[in-house]
Structure formats: structure tokens, C-alpha cells
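These notes are about the structure you will find just below.
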Number of protein chains: 2
Amino acid sequence: MTLRDYHLTLRDVSDQQPEYLETVFSLGNGHFGVRANDPISGNPIAGTLINGFYETAPITYGEAGVGYAKRHQTILNLPDLRHIHVSTSSGHQFTHSKRTAVDLDLGTGELVEHYQISTDQGETIMMGVKSVIGQEQTSMWSAEYTFTAGNYAGGLLVSKSIAVPAEAEAIMSADPRKTRMAGLPICETEFVTQDLQRYHVKTRLTKQAVTMYLGILLPHGQLLQQPLDLSDEQPHSLEYAVYVGTVGKHNTIDPAAMFMASSLASLTDDSQTFWQGVWNRSEVSVGGNDELDLAIHYNIFQLNQAAGRDGRTNISAKGLSGAGYEGHYFWDTEMYMLPYFTYTNQQMARQLLVYRYQTLPKARERARALGVDQGALFAWRTINGEEASAYFPAGTAQYHIDADIAYAVGKYFEITRDLDFVIQCGFEMVLETARFWENFGSWRQVGDDCRFEFHTVTGPDEYTALVNNNYYTNRLAKHNFELVVELAHQMMKRSPQLLSKFGMSETDLDVYQNLADHVYLPYSNELEINEQDDSFLDKPRWPAEKSTPDNFPLLLHYHPLTIYRYQVAKQADTLLADYLFPEDLSADQLKREYRYYEGVTTHDSSLSRSIFSILAARMGDTEKAYRYFMDTARMDLVNLQKNTADGLHLANLGGSWLALVAGFSGFYVQDEVVHFANHLPAELSRLTYRMKIAESVLEIDLTADNLDVTVISGPIPTYGVSVNGELISLVKVS
Amino acid sequence: MTLRDYHLTLRDVSDQQPEYLETVFSLGNGHFGVRANDPISGNPIAGTLINGFYETAPITYGEAGVGYAKRHQTILNLPDLRHIHVSTSSGHQFTHSKRTAVDLDLGTGELVEHYQISTDQGETIMMGVKSVIGQEQTSMWSAEYTFTAGNYAGGLLVSKSIAVPAEAEAIMSADPRKTRMAGLPICETEFVTQDLQRYHVKTRLTKQAVTMYLGILLPHGQLLQQPLDLSDEQPHSLEYAVYVGTVGKHNTIDPAAMFMASSLASLTDDSQTFWQGVWNRSEVSVGGNDELDLAIHYNIFQLNQAAGRDGRTNISAKGLSGAGYEGHYFWDTEMYMLPYFTYTNQQMARQLLVYRYQTLPKARERARALGVDQGALFAWRTINGEEASAYFPAGTAQYHIDADIAYAVGKYFEITRDLDFVIQCGFEMVLETARFWENFGSWRQVGDDCRFEFHTVTGPDEYTALVNNNYYTNRLAKHNFELVVELAHQMMKRSPQLLSKFGMSETDLDVYQNLADHVYLPYSNELEINEQDDSFLDKPRWPAEKSTPDNFPLLLHYHPLTIYRYQVAKQADTLLADYLFPEDLSADQLKREYRYYEGVTTHDSSLSRSIFSILAARMGDTEKAYRYFMDTARMDLVNLQKNTADGLHLANLGGSWLALVAGFSGFYVQDEVVHFANHLPAELSRLTYRMKIAESVLEIDLTADNLDVTVISGPIPTYGVSVNGELISLVKVS
């Protein structure tokens, strides 16, 4: 597979609203993100997001209760690094701006923009901005601003600083998907040299601090410079760099020296090297639809930009592209985004799981607050590990996050065989979540049937709250129990003593196996499908007269009580479990379930369509799979959910990759066999992608009537590989 | 029956904490209430509550949502009318105070208190306070302060004003049963004469206003008086009166003239006349337990003090005795307090229902906000008719309030035959609530069974939220449908055209009859009992290890999610329906249900024990009935719930009357027959009480082996009267 060039331009996106473009063309490196604000007229006090840099505030409830989450956590929306002041030598400010062209190079990470800027007096010039964010040097961002004469061709004064936020009021929106405005940080500014300004930004309550530097790289020695002279009609360039320190770390670097090594050119090299690595590991090529091919590259690009790499941060719901959902990390990471990393970048996957491991002490406390005396309950939404969900029926009650995290640990181990990680972090997470389920659930005898049940939970579908025996939750909890047993046996192979490290003996494993064997999975004999929960199928369907297009998403038009009393789902719920455990049900049952739940699902969540695409592909309905995939793959590029301005839908970006891999190529792993199946839609001529299983990088290549799997680096794998149901032998190509 | 004297004194109450005594000895007249604050050391800025005088504030939610209640409503805690400044002629202030005796005369409404008061310097004198609140003149309160020498016998300076509230911060408590602190009102003060001070109190947001006057009655002409001279060792008295105007009405009275007619003596006459009327109508005598006899008199006394009489106010959860629950009106009125009035004071019952009728336009709006296109949903908690419940799972979701109000209308009509009220107000309420249920519920076919069901509701038991087919809710909704049909037929008897006034025809009645016939009532074949809801019996029971006494009430110790996932009830729920509809189930089923639900009920709600008492009595377990009744009857006198300081438990006061009447004497009305049965506990030698059915005042007299019903005024009734299952003929005595 040849690595092609991919560029996202203004022509590739459906919307030209500034806030939308700011999100779509944002740059990030896991540490910080820079929204593509208009440098002239954009928002100087907001535009930079540092992963894990947040402020807190007490949560005020209309009516408070025991054990409620106490504090908001809100990512700080820091000053725009891109803002620039430009004026004529006579003092006319350039305050108007028109974005004429944008080009984001997905192969190098370089963002090139062109603006036509003008003064109130009608003086107009051209401004180009070339910017890049460091990928190895994750503290760095550089930009070159280039000015060319237009109808104005005189002297030009340019100056740049990072605006210090003015006071702003906290906002509350009735749209829970937006962010709150965090309290403003304290910002101290000083000039280190004439060329170098230091910003020390401290939060008031979380007592976090970050040091930032703004330096002028070219021309040297003039932060406050002489006017440029545009009369020669040549382009005149200025180059700046910004350093964004590590949260909570005292920066002892010599920034001046650092800037010398951080020219736009060298940072572009750094970025290019990084992206070459990404594409080498995870190149995807979709033949037959260039739009789609570009979209999937864009999605992978943004996933990589968003993911915290340091084991102390994670991937927020909007990545570093916007402050929506307050910069919180959800179950989205483990179930929608982590798979991409698990199968293409094992080290990154490990780091994301290490983040969760770090929050385990807080998860134990949270279990106690919920009246569960053993185990740990991970926060539904959080930055620092504490629960920050201020609406528990669709927050804390989504206990399934515990089993989701355990599931991700299991998948990570399945692919990497990284037993060290299991011993150091993974097993403890799986065990503590299993202990939670053990103590949270309860036994119930129904006739001859002895069931282990879970009551008053909310599943992935947030349009159905506080129900009993949510199928997804129960199925994942069952797996959580099984995983304790499986990982314990793996550890015992290395050393039989390891179990005692966790206060366990082999007889404890029988307890978990027994629990796993008895977890109740609701099934409707009448419809011959798994039931979303004990009562979902009893409720009336969402009425036709409330189904006009402007009533969606329902959560913005109806009281939760109205939504809850109907049989209506925001997203894939039981079907999500079906996707995770393909061995659970026959093809016929899957078809019945799919047909049933598709009829009651609004896809108001961006986490829905990718799963519907995957299952449609598996069922052989590749036309439907393709349709869902198109919405998934291009969700933000076409602003499908109409709120991309608040940030990208990161889970959906991950879901679109899953749709290709788990859907069109039928990928899943079970019992040390890697399965593929050709479900390529007729609309696509070819699909090629790479993934790494154990030590081998595989390339999978599908055309209408062929599916090839080859080893492109690493050893010939020892695990089985099955294509369309038959085991094959792999060949290594070079 | 002879009307005896009843007095409540300090010896009759278990607690001597000031805040507790302030509640217990509070005076009220439906218009306003005066807590019995210590006049020397009490709380000068809080102590007076005016029914329906409230401030509002936006409700802040941790995470807001569509259709959520928007505004708090909080009764204003206005300045203490009883506060007095006393100092020696040398300027030593009496700041210490000891309450040595209190006597509340339940026959006259007169409150007599004795205090020993002293200065920092140890000077001590005696102070007596005699106070009374007007009952016909509901704007008036008067008090006489009498001073007698102690170790100090010199000059005494006395002055009095109504303190103007200082700024105070809004408080939020994790105990939802307490009040919020409302925003402070604007208070303008001026001297009308030397003896008369006017206070004009305005709220900031609700724009309500009340005019109050404080006047000195005796001695005349000295609001700022000469020192009293205690050296003669005689008692010296001062007499004050306070006028509390009508909320929102401009007071055009001549207060000076009014005060002349409002001496303590004439106000005591007024009060005494009122209470004579109350006891004439509703005298109760309990033989064999004087404590209990006093307690039930106290309860009736406080019910009458609390109830708004003007058709624009109602009975708040704490009456006018405290600001707990923000002065809100709940379903408590219709289900626990109204019956006492319906059966003893038909005019008052009508006024309380008129209040609800006034809120019908807001109830229609609320139904729309909950996605129900027809009918009306009354506010779960409110003062002005708007929903003020800031936690909808245990607030708005208690839709049953609609059917409770309809039930109360039905009972009112059953007893009064007041068809004019039905035509003017009652039918519209019953019809609009029935329309709500019709559009809120849904049809479901289960086998051959076609059911009308209600999903995602919360029943009376607030420890179980958002369930399907709550038995109580469904049973009451069924009755709501039946009531439309019944009242419609009653109206048609007067005029067949009346139905069309409500946009109805006779065929519409068939629709409601059909709905009534098909409302689903969950029943467990296994346990042979009615099920609290579709899933209550499936849940595990509250665990023993979480059942130590200091874990109750559960709501103050556990997250709602923890409580909701267990089979645990705060109060009578299914049993409350059993009490309302005694014809629904056999004696055996009642016994089974009682045993079952008693085992899972914590009685953390003050609305629980009275119902358990009534049903135990009906089942013949009079010993248990008596035990529950003792806790019910004396709940506030022994501070059983430990929060009487926040106000009396008004619903329980009403419940205790119900326990006597519906429990010990087995009273209920069905199909125009009034039923009684003798369930007098062995602990009581006799029970006598009065009630009015239609135009006849009955006296019911029970001893161990006898139950007599006689007519003491009005005609011999035309309805049947049954005692112990046999119809009897009534005799009129004089």
C-alpha cells in the first residue's frame, strides 16, 4: 500500500461558520490543542486547551442529596495562541478578515491558511498563516504569518501577545452537551527578553499551574518590531513559537535555547516524522470514494491529535478540539477510541489504560459512596478521577463503565500478551470492578433459575434510565467476572504466587466463575431477541406525532420523564453488546434484534451509527452498513449533529475506524483466532488497512471478491487467522 | 359528650429545646402563624409565616434539562412578632431567659407563658406572656407582657418593634426536608402615630406585598414609655397588637380604630368562639389514655390553625408552624388533611379544593411541559401552582397527585352532595386529570389481556423511583376515570346539557369507563398480593448490615441510587390504596399484603404510620393498630422524627385523626352507605367523636363491646349507616 497525500481544505467541509471551522481545523498533540480561530477577528480569550488542565467549582443542585458528585471539573479554555494585531503604519487596525483558503496536510500536520484582511478604512492586504504543533516536542507550537500587499502597500505594524482573559460569568446551558465556563485562572505575564514573554497560568481552586512562553523566532530581536514595508509587493514573514509547559511541573528548561531548535521548519520535521509513524502503523485506504477516503484519514488524524500520551491524561469526548462536555473523559475512550490504539499503537493503548489505573483509589471511594462495600466504581465523567456527573440517572447510574474498562484491559492483553501490565495495573482494575459487581448485584431465584441480577442501572442508552437488568450492563459484567478468572490463570502461569498479591486464592476464582455463569441476561421469548432491560419492551413506542425532524435530538425538546416513559433509544445498547460478543447469538437472532432495535433508535448520540454500520455489515446488509458508515465517517465534516462547533465527536471518529475494520472486514478476535470476513459494500472498490496483533503488523486488503491478509513487519504470527470462516496461513511480504 | 378543657404544657412534650418548643407552641389561623420564639433571646428576624407569602429564585441544577421546574418558591420567614427589649433603668439589658411554664389552652387558643429573665449582671425578674391570634379577625395577634420583680425590683424600660431582617445568605442543606432561605424582602417602616408603627413588606421577585402594623394597646399613648416601676412588687402589664394584612391587598382599614376593638380580651373572645365551633363540630374524646386524648386534641387544634381558609391558600407540609419544605403544599392536603375537614367542616374542605381549582391553568401548562397534549398535571410541590420540585424523580414523577386531587373531589361530593361545586370547579378538575391519564398512559396487549398502563412514574414511596405500573398510581387513576363517569351522571341529573359545557358528550363517558375497566393493577400470583409496581418484588431487600438505627432515615445516609436498587419503602404505598379502597381485597389478601409490605417499610416518612394503624385496626390487630397510632398521635409531641423544630408534620396530624376514625371505628363510605366497625384497642376504654355527613352531625361512641351512632344535629340521614356489617337506624338525640 502506498502512503498517499491527504489534505483537508475548505472545499471538503460542509459548513463555513467560523466556530465550526475552528474545531475542524484544530491542531493537537495529546498535550494541548489549538483551535483554528481566525487570527484577526477570532476569540482571543479562548482557543487553547491543555489536556487535564481544569478548574473546579461546587456543583449546585436544585435539591441536593447524600453522595451526590460534589465538584464540577471544567477544562480551561485558554487564550488563543494564533491571535495577532496588525495595523497600518498610520494606525488603522486590520479588524476584518476573510478566510480564503485552508489546507490541513494530514501527512505532515501542517496547517496553511490564507486570509484577506482589511481595516475599517477599506485597506486590504493578504495574510498567510502556516502553523504546526510539535509531536515529539509536545510543548511546542509554531506559526509563520506572511503578509503581502493588496490595495494597501505601505508600512505594517504587527504585534502579538497572548491575551489575558477578562472576567466572564459562568454560563449554564440547558444543553448538557455544551461546556460550562470555568472560573478564570490567574495569569502572570512578564518579559524574559525583548523577544520572549512568559505567562504563568494558575487555577484558583485546583491549584494547577502551567508555564507558557511566547517567543518571536524571526526576525530576531524584535518582539516590538519596526514596520514591515509592503511597498515592494513581496511577501514578508514573521515567525512565532509558543511553549506550553507540563501541568503541575516546574519548567526548568532554557526556553530561549529551546526556541532556537523550534523553528517552524524543524517543528514541521518533527510533526512529519510523527505522522509518518502513524500512517505506517495505521494507514487506511478506501477505494471508490475519495471523500470517504479523506474522511477516514481525517478521523484517524484527529484521534491521534486528541489522545493524552503521558499516562496522566486521556481522550476527552471532544478531544482537544473544543471544550464541549467540559473536557471530560467518558467510557467513550475504552469502547470507541481505545480499539484503534490497541490494534495500531500498543504503547498508546497502555498509556490510556494507565490513566484509568491512576484513578483507581478515587473509584474505590466512589463505590463506598454508592453503598457498595467492596470494589471500585470508576467515575462516569471526570478529568481527575472524581465523579463529576451532576445528573446521576444518566451519569453515575451508568455503572457499565466499570465493565467497559475491564473489557478494554482484556482486549489489550489479548492483543499484546503484555502480562507485565496485567500484573502491575490491569488485573487490579479487572478485580476491583468485578468486586464491585459482586457486591452491587444480587441473587434471585425465579422458578428453577438462580440468577445474579443488577437493579436500578442505566445502560448506554440514556433515553432509558434506572432500569433493572440492562442487557448490555449484565453482559459486560458477566464478561468482567470471566476476565478475573482468565487473567488470574494467565498470571498463575508465570507464578502461582501472584494471586496472593491481590489477596486472592484459587477458590476465589470459582466464586467469580459461578457469578459469571449466573448473570441474568434478559431474553424475550415472544420476540426471540435479547431484551434491552426488564421493562424496555413493555413500554409504548415513541409516538409518531412527536417524531417530526425538529423534535430531534429528543433531549433538547422533551423532559427526561417524557423520554423515559417510551420505548425509545438514543443509541445502540443491546446491539452494542451484540457487536462486542459476536459469538453470543445466531445470525437469525442478530437480524431480529437489529430490525427491532433499529426501529426504536433515534441515533441522537454520536456513538450509535458506527455500531449499526458494523452489525449491518456482519449481517451482510452492506448497503445499509455503507449508509450508516457514511454518516459516521463524515459526521463532523458535514456537521451532522450540528454541534461540531463545540468540538469533534471523538467517539464517533473511533467508531468510524471500527466500522471499517470490525464491519467491512469483519474483524474480531476470539480464543486466539483473528477473524476477518469480506463485507465490502458495493460502493467501495477496495479497502486496505494495517493493524498490529501481538508483534506482527498485518495488512488487510479487500476487494469485491478477495480478502488478503499479509504480514508486513514482525514475525509470522502464532495465532490463527480466519478469513470468511476458514483458517489461513499468513505470508510475510516485504 | 361533654367538651372538656385541654391544655398543652411543657410537661406534655418530650423535648425542651427552644426551636422545638417554638414549633409546638406556635399559634396560627390559616392566614398567618407565629412561632413561640423566646421573646427575649429568640430569633427576632424569623418566626412569623404568612400563608402564601413567598419569594422566588431560579432553580440552579447541576445539569439542567428541558422542562425542568424553573423557580424555587419559598415562604418568607418574617420577623418575630413576640420579640421584646427589656432593660433596667440603668441600661442593663435582659438578654438571658428561661421558659419556666407554658400553657396552651386548646379550648380558647390562648397561650400563656412564664419566663425568668436576667441581665449579664445577674438582675432577674419574672415575665409572663399571654398571647392569642384572631380567628374571625384573622389579621390580628395580641399579646400582654407582664413583669414582676425578682431579685431586681427597680425601674424597667420596655420597648418593642418588629426587627427588620438583616442580610442573610441563602442556605442549601443536604436535608431536602428543610427549607431554603428565601431572598430577603424589602421592608419599609414608619410611625403612623406614636403608638402605631407600620411595616410595608414587599418581596423582590414575586412582587407580593403585605402591610403590618404594630400598636401598643395598653398603656395608651406610649410606644416609647416611661420606665415601669417594679418596686411595688405588683405585676405590671403592657399590651400590644399586631395587624397582618392580606397578601397583595391594599389595606384601606383604619388600623387605629381596629386596634381599639382588638384588645387581648376581645381577641380571646373571638378565638374562644372559633374553637368552640371547632370542638362542637369535631370533638373527640379518647378514654383510657389521657396523653393520647390530649395529643389528638392538639393535632386537631393544629390542623385548624394551619389550613388556609380563603380559597387562595392551602395547608403546607408544616402548616404555619415552621418553614420546612419551603411552605409548599403537597398531596398531603388531599390525602391526609382534607378528610378531617371534609367530614367535620364542609365549607373549609371546599375552600381547600377551590385553591387547587385556581391552579388548574398552571397544571394544564405543566402537562404540556411533560409532553402530554391533553389534560392537566398539578404541581407536586408549590405555593402559586407552578411546579417547584427541583428533583423530578421524587417530585414531578409522582403523577399520582392528579388522581389524589380527583379522589378528594369525589369524597367531598360524596359527603356534601354539593353539585354546585362540582359544576363550578370539581368536574373540571376530575375531567382534566382524567384527560391527563388518558394521554399519559398507553395500551398494551399481554396475551388475551388488554391493559392500560402507566410507565416511569414514582408512587407515594419515594424510596422507589421511576417504575412502571405503580399499583397505587394505577388504582387511583382507575378511580379518576370512574369519577368522571359518576360525576357526569350526577350533573346530567340536574341538566342533560351540562356535559356539553365541558366539551363532552355521553359517548365520551364510555371512553372513560373503558379506560377504568382496563387500567392494569399489578398482582403477584406467587405471593397472592398486589405488587407495588412491576419490579418492586424483584429487587433484593434492604440488607441487614445497613439497618442499624443510625442509618435511618435512609435518605440522609444513602445515595438515592443505593436506596432505589433495594426493595425498601419509605412509607405505605400499595397499602395506602388498600386503605382507600377497602372493597378491593379480601381480608386474607389484606393480611398477606400488610405482612409483606410492613417487612419492607422503614416509616421514614411521617405519612406512613397512620395508614399502618388504620389497616391493622381493620384487620382486627388492634394491639398493633394502637402501637402505630401512639407514634402517629404523638409524633410531634415526642419529636419522633427529630425534626419538629422545622415545623409540625401536618399530614401526620391529619393521619392521626384518620387512624381514630377510619381505623378504630372502621369508618368508610361506599355506595351511599356509611360504614363503621368497632376496632377499639384494649388499651382504650372509650372513643367518641363527631362528624358531619350530608346535613347531619353524627356522634360516634365506642366502648369495648358497643358502637353507637347518633344524630346530634340536622336531619335523620337518608343514607344507610352500617355498624359491624349491619345496617342500623339512626336516632336523633338532643
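All chains are named by letter (A, B, ...) in the order of the sequence lines, taking the proteins before the strands, and each is independently numbered beginning at 1. This structure is a prediction, so every number in the text was calculated from the model and none was measured.
No option in F392(B), F378(B), F440(B) other than F440(B) meets the ring pair (Phe, Tyr, Trp, His ring centres under 6.0 Å) test with Y399(B).
The aromatic rings of W437(B) and F454(B) stand perpendicular to each other, their planes meeting at an angle above 60°, with 30° marking the opposite boundary.
Ranked by heavy-atom pairs under 4.5 Å with chain A, the list I59(B), D538(B), T562(B), I563(B) is led by D538(B). Per-residue counts of heavy-atom pairs under 4.5 Å with chain A were compared for T396(B), T456(B), N469(B); the largest is that of T456(B).
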Step by step, would you call Q532(B) with Q567(B) a side-chain hydrogen bond (donor to acceptor under 3.5 Å, both in side chains)?
-> CA-CA 10 Å; Q532(B) 185 170 314; Q567(B) 189 181 154; over 6 Å; no

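Under the 3.5 Å distance criterion, with hydrogens and angles disregarded, a donor-acceptor pair is assigned to the side chains of H455(A) and N468(A).
Proximity to chain B (any heavy atom under 4.5 Å) is restricted, for E453(A), to the side chain, taken from C-beta onward. With a 4.5 angstrom heavy-atom cutoff, A369(B) touches chain A only via backbone atoms.
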